[in-house]
Each structure stands twice: as C-alpha cells, then as structure tokens.
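Naming: A, B, ... by sequence-line order, numbering from 1 per chain. Predicted model, so just to flag it, every value in this text is computed and none were measured.
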Amino acid sequence: MTYLIYARKYRPTTFEEMIGQKPVVQTLQNAIKNNRVAQAYIFSGMRGVGKTTAARIFAKALNCQHGPTPTPCNKCEFCKTITEDRSIDVLEIDGASNRGIDEVRSLREGVKYKPIYSRNKIIIIDEVHMLTREAFNALLKTLEEPPPNTIFIFATTEFHKVPATIISRCQHFEFKKISQKEIINHLLSITKKEEITISSFGLNIIAEAADGSLRDAQSLLDQAVAFSGENISDEDLKEILGVMNREILFECSTAIIEERPDGIFPLVEKVINGGYDLRFFYKELIQHFRNLLLIKSVKSPLELLPLREEDMKKYQEEAKKASSEEFLRYLVVLQQGEQGLKFSSHPRIYLEVLLVKLCHFKKVTSLKDILQELEKMKKGIKAPSELKENAEISVLRPEEEKREESVPEIEIQGKREREMEQALKDPTVKYFMDTFKAQVLSVEPIKRVKDKE
Amino acid sequence: MAFKDILGNERQKKILRKALQKDRIPNSMLFCGLEGVGKKSLALVLAKAMNCEKKKDDACEVCSPCKAISRDNFPDVMVISPDGNIIKIDQIRILKQTAYLKPMVGQKRVFIVAEAEKMNEEAANSLLKILEEPPLFSHIILVTHNPDVIKPTIKSRCQILSFQPVSREDIEKILLEKGFGKERAKIIALLVGGNLKKALNLEWEEIQAKRAKAWELFLSLLKKEKVATFLKNYVSSRSLRREELEEVLEIFSSFCRDLILIKEKSDIRLLMNPDYAEVFKKTENFLSLSKAMDYLEKIDYAFYAMQKNLNMNLLVTSLFSNLIS
C-alpha cells in the first residue's frame with residue numbers, strides 16, 4: 001500500500017469525526033436539518049484545525065444521495081466523488097494560485113450554469129486571503145446574489161486580509177485552537193490503530209509543541225515514527241522536538257544575573273554543539289525569564305506553571321537572585337533583540353554580544369534612581385522645577401499632584417512659568433533638562449491638554 | 001553522490017534510509033539547518049535513491065536514472081532555485097502543473113525547492129494546497145537555512161528534518177584527511193562555524209591574506225591612523241564589489257567578537273581567530289567594550305542594508321563615519 005502521512009490518512013470524513021470545533025459543527029448540522037443553508041460561508045482559524053475538512057464534509061452533506069443530511073453516508077456515488085476530488089459540481093479552488101481577476105471571471109461564468117449532476121454546486125476557495133483586491137471585488141456581486149443551489153465556502157488562515165465587503169456577505173465561522181486534551185486523545189487513537197507505543201509524557205510534549213494545531217501534532221507523530229520506528233522513546237522525542245535542556249537555560253540566566261560575561265562564550269558554544277537552533281534557544285530563554293518573573297510576581301506559581309517539583313525549586317532559587325524589576329528589564333531587552341537575531345547575518349555573534357550586554361545590565365542606572373537623584377539636587381537648589389516634575393515625577397508621587405489641584409488653574413500656570421524660567425537659569429537643571437529633553441517633550445502635549453481642560 | 005558521500009549528519013541519513021526501505025518517504029518535506037551542511041546534496045541523493053533501478057535505499061550511481069540526475073538531465077527531478085533574489089509564483093506554478101503529471105521515465109517525481117526562505121508571499125501561499133495533498137508519485141522537498149522565515153502554514157504541512165552543523169572536530173578530521181596541516185585544519189574549522197562546504201572550498205593563502213589585510217584596516221580604524229584607506233578601498237566611482245565588502249565586514253565582526261571575548265576574560269580556546277590571540281591582547285585597550293558592541297551593531301546594520309540594496313557608496317561612507325566617530 002502506498003504511504004500516506006497521518007494527517008491525510010486520518011482526515012475526518014464525517015462531522016462526528018471532527019476533533020474540537022463543536023460549535024461550528026453543530027451550527028452547520030442544524031442549518032442542514034432546518035433547511036437554512038446560507039449561500040456563502042467563510043471559515044477562519046489557524047493552521048491545521050479543520051477548515052478544509054469541514055468544508056469538504058459540508059459539501060458531502062449537501063450533495064449526499066440521501067438528501068441534504070447532517071450525516072453524509074460516504075458510500076454513495078456523490079460522496080465518493082467528493083472524497084476523491086473528482087466531483088464536477090464541487091470545485092475546490094486554490095485561492096493562492098488562482099488569485100487574479102481572470103480566474104474569478106471564469107469562475108463567475110461557470111457559476112451561471114446549473115449543477116450538472118448533483119443537487120448543489122459548491123465552490124470551495126481555500127487560502128482565500130491571497131486573492132487580489134480586484135479578484136475579491138469581482139466576486140462581490142455574485143456572492144451577494146448567487147444563482148440558486150450555488151454555495152460558496154471560503155477558508156483562510158488570515159481572516160484580517162479578507163475585505164469587509166466579502167465578510168458581510170458571508171456567514172463567518174471561527175475555528176478555535178484544539179485543546180491539548182483533545183489532541184492527546186486523538187493521537188492516542190492513532191497510536192492504537194497504528195500499533196505505536198509511546199508514553200503519555202511523549203504524547204504530552206507533542207501536544208504542547210503542536211500548539212493547538214491537530215495537523216502539526218500528526219506531523220510530529222509521523223516524524224517520531226520515522227525517527228525511531230514503532231517504539232517511540234521519550235529521549236528520541238525530545239531530540240526531534242528539540243526540547244531545550246533546562247540546565248543550559250539556568251546556566252545562562254545565572255551568568256546574566258551574577259554578571260559573569262566570561263561564561264557566555266562557552267555557553268553559546270555548548271548550545272551550538274548541542275545542535276540547537278540559536279533562535280530556538282533564544283525563544284526558550286525568553287520563556288525562561290518569563291517564568292522567573294512569573295514566580296517573582298505570583299504567590300502560587302504552580303497553578304500557572306506546570307513544572308516538576310525539583311524544577312520549581314530551582315526556579316524559585318534563581319528568582320531570588322534579582323528583583324522583579326530587573327527581570328522585567330532583562331525581558332524587555334531580550335524581546336527587543338528577537339527581531340534582530342532573526343535577521344542578523346551572524347546570529348551567533350549577535351547572540352553572544354546581546355547576552356554579554358545583559359550581563360552588564362545591572363550597572364545601568366534605572367530611570368527611577370536618576371529621578372531620585374534629581375529630586376535630591378532640586379532640594380539643594382531650592383527652586384522646584386515644576387516642568388520636570390510634571391514630566392516624570394507626577395507619576396511617582398500622585399499625592400503631590402492632588403495637592404496642586406486645589407489651587408486655581410491660572411495661578412498654577414503663571415507660577416509654573418515663573419518657576420520654569422528661574423529654574424532654567426541654573427546650570428545643573430539645564431544639564432538635566434538637556435539630558436531628558438526627549439522624555440520631557442513626549443509628555444508635553446498631554447500636559448497642555450490637561451491645562452486646557 | 002550516494003549517502004556515504006555526504007559527510008556528517010548520520011542521523012538524518014539513517015532516518016531517510018529507513019524510510020526508503022519501508023517505502024515511507026513523506027511527500028512533502030522541509031530540510032532545514034545551517035548553510036553548507038549538505039541539505040541540498042542530501043535531497044538530491046534522496047531523489048536518486050527513489051528513482052534508482054538497482055538499490056532501494058541508496059543511489060547506485062551506475063543505473064541510468066542515477067547518472068542522469070547527477071548530470072541534471074533527468075526529467076522527473078526538478079530543482080527550483082531563486083530567480084534573482086526570490087522564488088516567484090510562476091516558478092511554483094510550473095512546479096504544481098508538473099507535479100500532477102505522472103513521472104515520465106522514473107518512478108517518482110521529485111521537486112527540490114532550494115533556498116525556500118526566498119519564496120515570496122504569493123509563491124509560498126500557492127504552494128500550500130499541493131504540499132497538503134500532493135499526488136502520491138510526487139515528492140516536494142523544501143530546503144532552507146532559515147526555518148524561522150518559513151510560514152507556519154507551510155511548516156505544518158511538511159515533515160521537518162533538521163540538520164546539525166558539522167561539528168568542529170568532524171570538520172577538522174575531514175580536513176586532515178584531505179591533507180591539510182594540523183594547525184591550518186584547526187583554524188579553518190574555527191573560521192567556518194560548521195559550514196563544511198565553505199571549509200572545503202577555502203583557499204588558505206587567499207583567506208590568510210584577506211584576514212591580514214582586514215586586520216590592518218581594522219587596526220587603522222581603531223587607532224584612527226591612516227583611516228582614509230578604508231574609504232579609498234571601498235568607495236570609488238568604479239562599481240563596488242559587494243562580496244568583497246561583505247567578506248571584510250564579516251572578518252571585522254569576528255575581530256570585534258574576539259576582542260569582546262578577550263576583554264571579558266573568557267576561554268581563549270573559543271576565539272574565532274585563534275592565531276590572532278597575541279595581537280588581540282596587545283590591541284585590547286584601543287577598543288572599549290561598549291565601543292566594540294557598537295561596532296558590531298553598525299556592521300550588522302550594514303549587512304542588513306546591503307540586503308536591502310541601499311546605495312553602496314553611501315553605505316560605506318556612513319559606516320565609515322560611524323566607525324571612526
């Protein structure tokens with residue numbers, strides 16, 4: 001027998017077989033039962049959740065010999081031709097390849113004629129978001145009032161790219177991510193049929209990596225079988241999925257927190273020799289710092305982080321080493337660097353340098369400290385420079401702002417201007433003004449609006 | 001070329017051979033891994049093995065399909081490479097049309113899309129349907145060194161086979177076998193960072209001369225002596241050679257990185273230019289840590305700008321003034 005990948009072999013052929021998507025399936029079935037089938041549908045949702053499958057089953061349900069039925073028989077000639085993709089009245093069009101206005105024009109020509117052989121003419125356009133703007137617009141009239149017995153079904157992963165005029169003419173169904181539990185159950189049934197042995201831990205990490213897409217999960221299982229045969233060990237699976245060794249992550253975060261930049265270079269070397277993709281490592285590192293921040297800020301982190309006890313302990317110890325503000329700053333910098341890493345021509349050097357930078361991060365004074373310093377200086381100078389206060393400090397000390405509100409607006413305005421002038425004469429203030437110009441400027445417009453009110 | 005001629009990546013080869021024995025080669029596959037580890041060559045070997053008349057799990061190199069594929073003369077194996085800088089939708093359309101036709105002479109049709117990350121949005125999307133349900137006699141192999149750029153909708157339809165960089169020891173070993181000197185093999189292995197193809201194609205004298213020249217330039221920029229040489233070399237009315245500048249900048253960034261490593265007192269064995277260790281130590285003080293990082297950032301930007309086809313003369317000038325300021 002020829003080999004089919006699991007995603008194709010186990011593609012559902014009835015509504016009942018579909019995993020997840022209960023609301024969508026039920027609505028479609030009821031529509032058929034009550035004879036309330038709309039003329040156009042649009043299915044959206046992420047990859048591998050069943051959009052195309054649902055469209056095909058729906059087509060079968062409408063054209064099955066046993067009347068429009070919510071449970072297509074899959075045995076009659078009509079159902080068979082649809083399954084084998086050779087029905088003349090069910091057109092499955094690849095919207096990404098046939099995307100121009102010419103293709104849509106010829107489609108419109110075809111729609112004019114009655115179905116040749118079955119009850120309904122059904123046009124499925126997959127990847128519909130790739131149609132050009134002209135093509136979409138050419139469809140509008142037909143879509144609004146299609147000839148009788150013609151049904152359009154669109155499927156797309158990028159719903160936002162479909163024009164609103166199209167959407168308003170269709171019934172929109174959003175396909176949700178499939179929950180881990182459902183994925184695991186489905187994988188279990190496949191492994192039973194295929195006589196594959198795999199641990200529940202293994203199924204768990206596959207489901208996790210699939211991130212809500214059933215097709216991804218099936219592909220991963222396929223890869224695992226290709227890799228290790230019918231007996232899939234956890235170790236093999238970790239290798240395929242590239243599950244990051246937590247030791248390395250901890251080593252990295254420790255080096256950063258303890259300011260040991262010399263440790264970075266051997267570490268990156270280790271990551272590369274371990275065969276990990278640097279960008280993948282980076283993603284995991286972000287996740288790692290996120291976990292640390294989470295532990296710092298949540299009282300009972302176990303609910304949010306399904307970790308083993310010993311891992312949790314390690315995390316908690318690590319989290320003690322720095323303040324949550326520091327973790328937050330690390331995270332911000334890491335996230336900013338992600339894009340750069342993606343497009344860097346030398347990802348290795350980029351990563352090394354970024355991590356070295358992070359190691360020196362504690363030496364950077366925080367804005368809060370600088371402001372406090374400024375505050376102290378101001379007291380020394382005596383003349384309170386209101387301008388700066390408005391810019392940043394008001395955020396820190398709301399009670400002071402409240403006190404001001406009791407004074408009439410105009411008076412404050414005048415007072416402010418005078419004080420500003422005075423303060424600006426002072427060289428120290430001037431210096432700080434120059435340094436913080438950007439920040440002060442950015443707050444300025446808001447202040448004015450406030451004053452006007 | 002047969003499986004044994006591809007160096008390194010034993011595991012990947014094992015997987016493919018096992019799949020060949022069981023007739024379980026997936027119809028859509030994605031090969032990803034660093035440049036120069038042999039992804040495309042392996043894809044070609046796979047195409048041969050699928051069409052070979054004598055062996056089941058390898059290429060025999062004797063039968064006519066094997067030979068024809070080696071000569072790029074086999075109608076059922078098609079390699080698609082970027083046209084210019086991108087793979088266009090028309091190329092994919094041709095692929096799709098032929099993929100639905102039964103193989104002409106061989107047993108399977110094989111399509112190899114090299115540098116798949118260069119597919120533009122339209123091309124990538126138009127590939128989706130056929131990747132999901134290709135005819136059973138057609139196999140599509142996407143090859144990329146940057147899987148992050150590949151759309152998730154494509155990835156989810158493919159079986160992914162990721163390749164590891166060839167380890168430094170392996171490269172060293174292979175180079176030694178090819179008759180390179182010990183010291184030289186070591187340095188080359190460090191320089192190429194897992195890219196075996198590059199290691200084998202390196203011209204040693206040439207690369208040494210280039211590095212020496214680059215170091216001189218770098219030093220002059222650091223010391224701010226005779227800085228104009230850089231400009232003189234790379235800005236001119238003559239058309240600039242982009243590859244040349246890329247090479248120099250690449251060497252520059254490895255210098256910067258090594259200087260940072262030395263400044264941080266990390267493990268000297270990890271230097272990218274181990275033969276320059278002494279010189280680095282001497283010049284360590286010319287470049288502060290933050291300056292070195294800054295340099296790297298500027299160089300990275302220059303690479304980015306070159307990809308975007310900015311005016312080269314302006315680019316070099318601005319890079320230069322950034323570096324010396």
Interatomic distance, A:I349 atom CD1 to B:E250 atom CD [nearest 0.5 angstrom]: 8.0 Å
Max heavy-atom pair count under 4.5 Å with chain A, selected residue of B:I25, B:I160, B:T153, B:L128: B:I160
Nearest atoms (heavy-atom pairs only) where B:L142 meets B:A116: CB-CB, 4.0 Å
Contact listing (chain B partner; residues 45-55 of chain A; heavy atom under 4.5 Å): A:R47, A:T52
Heavy-atom proximity to chain B below 4.5 Å, by part of A:A7: neither
Contact leader toward chain A among B:R93, B:M293, B:E133, where contacts are heavy-atom pairs under 4.5 Å: B:E133
Minimum side-chain heavy-atom gap B:F111-B:T98 below 4.5 Å: yes
B:K151 atom NZ: more than 12 heavy-atom contacts under 6.0 Å: yes
Plane angle bin for B:F31 and B:F163 - parallel if under 30°, tilted between 30 and 60°, otherwise perpendicular: tilted
Region of A:Q223 that comes under 4.5 Å of a non-hydrogen atom in chain B: both
Test side chain to side chain contact (heavy atoms under 4.5 Å, CB included) applied to A:P261 and A:I256, A:L358, A:V356, the passing residue: A:V356
Residue part contacting chain B, namely of A:F280, when any heavy atom lies under 4.5 Å: neither
Residue among A:R215, A:R279, A:R260 with most heavy-atom pairs under 4.5 Å to chain B: A:R215
Interface residue of largest heavy-atom contact number with chain B, from A:A217, A:P266, A:A210, under 4.5 Å: A:P266
Heavy-atom contact with chain B under 4.5 Å, split by part of A:S219: both
B:L296 versus chain A, the contacting section by heavy-atom distance below 4.5 Å: side chain
Between CG on residue A:L351 and CG on residue A:L278, distance to nearest 0.5 Å: 5.5 Å
Side-chain donor or acceptor of B:S138 paired with backbone N/O of B:P135 under 3.5 Å: no
Most contacts with chain A, counted as non-hydrogen pairs under 4.5 angstrom, among B:R157, B:Q12, B:K18: B:R157
Euclidean distance, A:I93 CD1 relative to A:I153 CD1, rounded to 0.5 Å: 11.5 Å
Choice from B:K14, B:E121, B:K22 maximising heavy atom contacts with chain A below 4.5 Å: B:E121
Among the listed options A:D85, A:N98, A:D216, A:D94, the residue most often paired with chain B at heavy-atom distances under 4.5 Å: A:D94
Side chains of B:H145 and B:E115, donor plus acceptor under 3.5 Å: no
A:F154 ring center within less than 6.0 Å of A:F43 ring center: no
Engaged part of A:V268 at the chain B interface, taking heavy atoms whose separation is under 4.5 Å: neither
Portion of B:R11 that has a non-hydrogen atom of chain A nearer than 4.5 angstrom: side chain
Inter-residue atom distance A:L214.CG - A:I178.CD1, 0.5 Å rounding: 4.5 Å
Set of residues satisfying side-chain hydrogen bond (donor to acceptor under 3.5 Å, both in side chains) with respect to A:Y10, sequence neighbours excluded: A:E194
Among B:K265, B:E297, B:E122, B:K263, residue most engaged with chain A (heavy-atom pairs, under 4.5 Å): B:E122
Contacting region of A:E92 [heavy-atom separation from chain B under 4.5 Å]: side chain
Aromatic plane relationship, B:F280 with B:F255 - under 30° parallel, 30 to 60° tilted, over 60° perpendicular: perpendicular
Region of B:I260 in contact with chain A, defined by heavy-atom distances below 4.5 Å: both
Max heavy-atom pair count under 4.5 Å with chain A, selected residue of B:S156, B:S126, B:C256: B:S156
B:E117 and B:N146: side chain donor to acceptor below 3.5 Å: no
